[in-house]
Amino acid sequence: EAMNIHLFTTKARKIPLMKGIHTVVMIRHGESTWNMEKRFTGWCDVPLTTRGEFDAKDAGNLIGERGLKFDVAFTSSLERAWRSCAIVLSACGQSDTEVVKSWKLNERHYGALQGHYKDSPSLVEAFGEENVIAWRRSFHTAPPSLYDTNVLQKLGPTSLQTSTEFLDWKYIDKMKYNQCAAFLRRGNQSSNQRIDDELSTQSSPNFPFPSTESLQQCQARAYGYWKDVIIPRLRSGQRVLIVAHANTIRALVKAVDNIDDNMIAHLKIPNGVPLVYTLDRNLVPRVDYNPALDDDLGFQAKYLVSARNHGRMMAYERCVRKKLCSLFEYLDTDHDNRITPECLLRGLTRLQSFSTTSLSSTSLPDSNAINSSHHMNATNTHDTSRHPTDFDSQQQKFVDVCEYEIEELIRCVPSADASGQISLQAFLDAEETVLPRLTKLRLLQ
């Protein structure tokens with residue numbers, strides 16, 4: 001038995017159980033250091049940023065608020081994923097949940113591109129824009145192998161070190177690595193095209209790990225794990241959490257929603273935003289509201305939205321009606337499927353308040369800066385000279401403006417009842433008039 005389709009509910013509300021219904025929550029790990037630096041990360045084992053840790057904690061808080069429970073959690077062998085998984089489970093009070101790590105859920109292997117900047121002009125200059133785009137976006141084309149000496153020579157003398165610096169040694173084919181390193185040390189003096197081609201394509205006997213992957217190969221790997229390991233757990237009635245990476249989460253979404261090969265590359269997976277699936281006994285997604293919410297990809301998962309992740313979800317999701325539904329769920333603080341003016345005011349103020357703080361900047365202070373700030377605050381405890389800041393006055397100004405904008409928003413929804421309450425269907429039916437006002441408030445893209 002697992003949870004009914006009514007996932008968005010408080011702990012105070014009873015959630016009926018239904019046989020044959022399966023709950024799966026998927027989360028892309030929080031922001032990593034190389035996400036922030038816009039590098040090809042792949043299998044390089046880089047840590048989370050402070051923002052990434054906050055992302056994961058926020059996801060766990062959302063899961064706890066909805067009362068979602070798990071019997072098992074699956075994650076990859078890379079720190080940014082398993083660390084996110086641990087933070088999520090801790091934040092929702094389920095640290096004792098069984099956790100299974102597997103390299104089959106690792107991110108796509110980017111081969112020789114790992115560690116290099118995605119927007120580096122030198123990549124385009126060396127290989128051409130068409131090739132670089134194909135390596136990043138093509139479903140069938142893999143980036144150059146980790147041991148492709150032609151590519152490594154063009155990337156520079158330290159390219160092999162850059163691609164493997166944070167790569168676990170067990171994922172490196174020692175024989176090919178040593179041959180590649182020796183070849184690069186010799187440089188062009190003894191270059192032999194036939195030997196070079198063999199070096200970049202052959203693998204050592206019985207070496208199980210790839211040296212590069214196309215999106216197709218990455219998705220085949222993740223799908224195999226879904227079919228062989230995760231599905232049996234679901235069929236046994238267990239509730240599943242999966243914390244992995246953009247491309248492996250995309251592969252699992254493709255499997256669940258049966259999305260076309262040519263369309264799945266258009267799906268963007270935001271860091272740290274829980275995606276909730278409710279599956280029937282045949283593992284087909286169940287949707288408990290208007291099918292018109294479906295986007296052109298056929299992506300059926302629900303987002304769990306918070307003030308912290310709202311902007312990220314809005315930027316990544318392409319279906320406007322799904323954005324509206326997620327926003328409605330967030331604003332419905334009473335969880336009665338209706339929005340009151342008070343819900344709107346509280347919810348919009350929370351969203352706007354978060355967007356104007358430093359948390360919406362590119363990065364958060366590191367732990368040393370935070371400790372320093374705490375120390376400074378402690379030493380100034382008795383300082384009575386503090387005056388209202390610009391932020392304080394901005395917040396008051398926003399609340400004043402927001403009250404007027406909300407009144408206008410309520411009036412522009414034709415199906416609002418006499419008390420001004422709005423149902424989800426009325427909210428969606430008023431899309432044409434609601435959208436401009438939400439956009440003006442910077443709450444919907």
Side-chain angles (χ1 to χ4, degrees), residues 22-30 32 34-35 40-48 52 56 59-60 63 70-90 92 94-111 114 142 146 164 166-173 203 206-256 264 269 271-272 274-275 277 279 283 301:
H22 309 281
T23 301
V24 182
V25 178
M26 303 181 189
I27 307 174
R28 181 186 177 188
H29 62 79
S32 73
W34 281 10
N35 286 150
F40 290 102
T41 310
W43 286 28
C44 292
D45 206 7
V46 296
L48 296 172
I63 287 169
F70 305 111
D71 301 298
V72 61
F74 295 95
T75 188
S76 81
S77 64
L78 300 174
E79 179 183 343
R80 58 192 186 274
W82 58 253
R83 172 70 176 150
S84 294
C85 183
I87 294 173
V88 167
L89 291 173
S90 175
C92 67
Q94 300 183 62
S95 294
D96 58 347
T97 300
E98 177 190 0
V99 177
V100 181
K101 298 179 186 176
S102 174
W103 68 269
K104 296 291 184 68
L105 292 176
N106 282 7
E107 178 59 290
R108 175 191 181 189
H109 199 304
Y110 278 99
Q114 290 184 162
L146 189 64
T164 58
F166 291 96
L167 189 59
D168 192 311
W169 191 243
K170 70 183 178 185
Y171 297 135
I172 297 175
D173 186 329
S203 296
N206 303 320
F207 189 72
F209 304 113
S211 61
T212 185
E213 287 178 307
S214 65
L215 282 169
Q216 182 183 34
Q217 291 167 326
C218 172
Q219 291 183 15
R221 162 168 59 84
Y223 175 72
Y225 191 77
W226 165 262
K227 182 179 66 174
D228 297 337
V229 179
I230 299 177
I231 282 183
R233 293 292 196 106
L234 285 170
R235 292 199 183 281
S236 71
Q238 294 188 341
R239 298 159 295 184
V240 171
L241 170 67
I242 302 169
V243 183
H245 308 264
N247 284 303
T248 44
I249 292 290
R250 190 179 285 118
L252 300 181
V253 168
K254 182 181 186 302
V256 173
I264 190 62
I269 309 294
N271 294 91
L275 309 176
Y277 278 103
L279 310 178
L283 302 184

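Being a predicted model, the structure only gives us computed values, none of them experimental. Numbering starts at 1 and runs along the sequence shown.
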Within a strict 4.5 Å, meaning less than it, do heavy atoms of the [X] and [Y] side chains meet?
X: Trp226; Y: Ile231; value: yes
X: Ile264; Y: Leu215; value: no
X: Val100; Y: Tyr225; value: yes
X: Gln217; Y: His109; value: no
X: Met26; Y: Val253; value: yes
X: Asp228; Y: Lys104; value: no
X: Asn271; Y: His29; value: yes

Partner residues of Ser90 under the side-chain contact (heavy atoms from CB on, under 4.5 Å) criterion, sequence neighbours left out: Ser95
Any residue meeting side-chain contact (heavy atoms from CB on, under 4.5 Å) with Thr164, in chain and number order, not counting sequence neighbours: Leu146, Leu160, Leu167, Ile172, Tyr177
Check: Trp34 ring centre within less than 6.0 Å of Phe166 ring centre: yes
Residue among Val240, Val25, Val24 satisfying side chain to side chain contact (heavy atoms under 4.5 Å, CB included) with Phe70: Val25
Main-chain N/O of Gly30 paired to Ser84 side chain as donor or acceptor, under 3.5 Å: yes
Thr75 side-chain N/O to Val243 backbone N/O, donor-acceptor pair under 3.5 Å: yes
Taking all non-hydrogen atoms of both residues into account, name the closest pair between [X] and [Y] and its distance.
X: Ala142; Y: Thr212; result: CB-OG1, 4.0 Å
X: Ala59; Y: Val88; result: CB-CG2, 4.2 Å
X: His245; Y: Ala81; result: NE2-CB, 3.6 Å
X: Asp71; Y: Gly237; result: OD2-O, 4.1 Å
X: Ile63; Y: Gln94; result: CG2-NE2, 4.4 Å
X: Leu78; Y: Trp43; result: CD2-O, 3.4 Å

To the nearest 0.5 Å, what is the distance between [atom1] ([X]) and [atom2] ([Y])?
X: Ser102; Y: Trp82; atom1: OG; atom2: CH2; value: 15.5 Å
X: Gln114; Y: Arg108; atom1: CD; atom2: CZ; value: 10.5 Å
X: Ile249; Y: Ile269; atom1: CD1; atom2: CD1; value: 7.0 Å
X: Asn247; Y: Arg28; atom1: CG; atom2: CZ; value: 8.5 Å
X: Leu105; Y: Leu252; atom1: CG; atom2: CG; value: 6.5 Å
X: Asp45; Y: Arg83; atom1: CG; atom2: CZ; value: 13.0 Å

Electrostatic pair Arg221:Glu213 at N-O distance under 4.0 angstrom: yes
Trp103 and Phe209 aromatic ring geometry - parallel, tilted or perpendicular at 30°/60° bounds: perpendicular
side-chain contact (heavy atoms from CB on, under 4.5 Å) between Ile242 and Ile230, worked out: CA-CA 9 Å; Ile242 302 169; Ile230 299 177; 3.8 Å; yes
